Amino acid sequence: MCENATEVDDEEDANHSKSVQFPVRNDEHHMYYRLIQDFAKTCSSTSTDNHISTTEDGIISHCTRGYLLGLIDEHMRKDIRKLNELLCDGCFQPLSATADSFYGCVNCKLFLHKVCFTELPRIIEHPSHPQHKLVRRLQIDETITCNICNSEWDGIFYQCERSSSCSFIIDIMCTLLPRTLKHESHKHSLTQQLDNSEETCYGCSLELEFGHFRCSKCRFRLHAGCAISPGTVKHR
C-alpha cells in the first residue's frame with residue numbers, strides 16, 4: 001500500500017515546478033512520462049488490481065478486453081510499424097517517450113508502458129480526496145469523468161475505495177500534478193486549491209470548481225484542466 005503518495009515537501013514541489021513547466025508542449029511528452037516515473041518511485045507496489053492479471057512466468061494473461069498481452073522488449077520494438085505514432089492505453093503518452101520495454105498485444109494494438117502496468121501504486125492516499133483511500137483502475141472501452149479536471153478519460157485512473165457510496169474519480173494525469181506548478185502564462189508559481197470558489201478561471205472564464213490552481217501573490221487562477229491543456233490561457 002502506498003500512503004500519501006503525492007505529498008512531497010515544499011522543496012520537492014519547487015523542483016517539480018522548475019523542471020516541468022505547464023502546459024507540456026506537444027513535443028515534450030517525455031516530461032509527462034517522467035512525472036509518471038517519479039510518482040511510481042514514491043511507492044513500492046508489485047500487485048495489480050482486478051482488471052489485469054499476470055502469470056508466474058511474467059507474461060500478462062489478460063486485460064479487460066480479454067486479449068493476451070506480452071512483454072515487448074527492445075528486439076521486438078523494431079517489428080512494430082509506426083511505433084512513434086502509438087500511445088500507451090494507460091496514460092496516452094507516446095510509447096516512444098521511453099526506450100524501455102512495454103506490454104501489449106500487437107494484433108489489437110493495445111499497449112501499456114511498463115511503468116504504467118507494473119509500477120504504479122495500487123492504493124494511494126491523495127490530498128484531493130483525504131477522507132478515503134483510492135484504488136487504481138484501468139478503463140478501456142468506456143470513459144469516466146475526472147473530478148479534478150472534469151474531462152472524460154479512458155485509461156488509468158484512481159477511484160475511491162468506497163465506490164458503492166462515493167463517486168470520486170481522478171485520472172492518472174491529474175494524480176501526477178504537483179501541489180505547486182509553474183505555468184507559462186504567469187510569472188508566479190501557482191498552488192493547488194481543493195475548495196470550491198465562485199470566482200472564474202482566467203483560462204476558460206467559467207466558475208472555478210473542485211480542482212484549480214491559484215497564485216498567492218495576485219488573483220490569477222486556473223482550472224486544473226486549463227493548466228495542463230496547451231493553448232487555453234493567454235499570457236498575463
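Residue numbers run from 1 in the order of the sequence given. All of these numbers come straight from a predicted model, not from anything done at the bench.
Side-chain contact check for Ile172 versus Phe92: every heavy-atom pair is 4.5 Å or farther apart. Counting heavy atoms from C-beta outward, Ile156 and Thr175 have side chains that stay 4.5 Å or more apart. Residues His129 and Cys166 meet the side-chain proximity criterion, which asks for heavy atoms closer than 4.5 Å. Residues Val135 and Arg137 meet the side-chain proximity criterion, which asks for heavy atoms closer than 4.5 Å. Ile228 places a side-chain heavy atom less than 4.5 Å from the side chain of Tyr32. Taking 4.5 Å as the limit, some side-chain heavy atom of Phe168 sits within range of a side-chain heavy atom of Leu134. Inter-residue side-chain proximity for Cys116 and Gln93 is flagged as unmet; no heavy-atom pair is nearer than 4.5 Å. Inter-residue side-chain proximity for Ile124 and Phe39 is flagged as met; some heavy-atom pair is nearer than 4.5 Å.
Note on ring orientation: taking the six-membered ring where Trp is involved, the planes of His183 and Phe220 are tilted (angle from 30° to 60°).
Contact between Cys91 and Trp153 at its shortest, heavy atoms only, is O-CH2, 3.6 Å. Listed here is the closest heavy atom pair of Ile170 and Ser128: CD1-OG, 3.9 Å. Smallest separation of non-hydrogen atoms from Ala40 and Pro121: CA-CD, 4.4 Å. The two residues Cys204 and Cys201 make their nearest non-hydrogen contact at N-SG, 3.6 Å. When every heavy atom of Cys149 is checked against every heavy atom of Asp171, the shortest pair comes out as SG-OD2, 3.4 Å. Listed here is the closest heavy atom pair of Ala227 and Phe213: CB-CD1, 4.4 Å.
Summarising the local packing, CD of Gln131 is surrounded by more than 12 heavy atoms from other residues, nucleotides or ligands at distances under 6.0 Å.
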Does Leu190 form a side-chain contact (heavy atoms from CB on, under 4.5 Å) with Arg221? I'd like the steps, not just the answer.
CA-CA 8 Å; Leu190 306 178; Arg221 50 203 179 266; over 6 Å; no
Residue pair Ile169, Thr145: steps toward the side-chain contact (heavy atoms from CB on, under 4.5 Å) verdict:
CA-CA 7 Å; Ile169 288 175; Thr145 300; over 6 Å; no
Working for side-chain contact (heavy atoms from CB on, under 4.5 Å), residues Tyr33 and Val115:
CA-CA 9 Å; Tyr33 184 78; Val115 64; 3.6 Å; yes
Apply side-chain contact (heavy atoms from CB on, under 4.5 Å) to residues His223 and Leu208 and explain how you reach the verdict.
CA-CA 6 Å; His223 282 124; Leu208 293 174; 4.1 Å; yes
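One finds the CE atom of Met173 at 14.0 Å from the CD1 atom of Ile148 (value rounded to the nearest 0.5 Å). Considering CD of Glu152 and CD of Gln139, their distance stands at 11.5 Å, rounded to 0.5 Å. With rounding to the nearest 0.5 Å, the separation of CG in Leu87 from CG in Leu95 is 7.0 Å. One finds the NE2 atom of His186 at 3.5 Å from the SG atom of Cys215 (value rounded to the nearest 0.5 Å). Atom-to-atom distance recorded for Asn147:CG and Cys174:SG is 10.0 Å, nearest 0.5 angstrom. Atoms OG and CD, from Ser216 and Gln193 in turn, are 9.0 Å apart once rounded to the nearest 0.5 Å.
Looking only at distances, a side-chain donor or acceptor of Asp89 sits under 3.5 Å from a matching main-chain atom of Phe111. Panel note: side chain His113, backbone Pro94; a donor-acceptor pair is recorded below 3.5 Å. Side-chain atoms of Lys182 come within 3.5 Å of backbone atoms of Lys187 as a donor-acceptor pair (strictly under, hydrogens ignored). Formation of a donor-acceptor pair under 3.5 Å by the Arg136 side chain with backbone atoms of Leu120 is found in this model.
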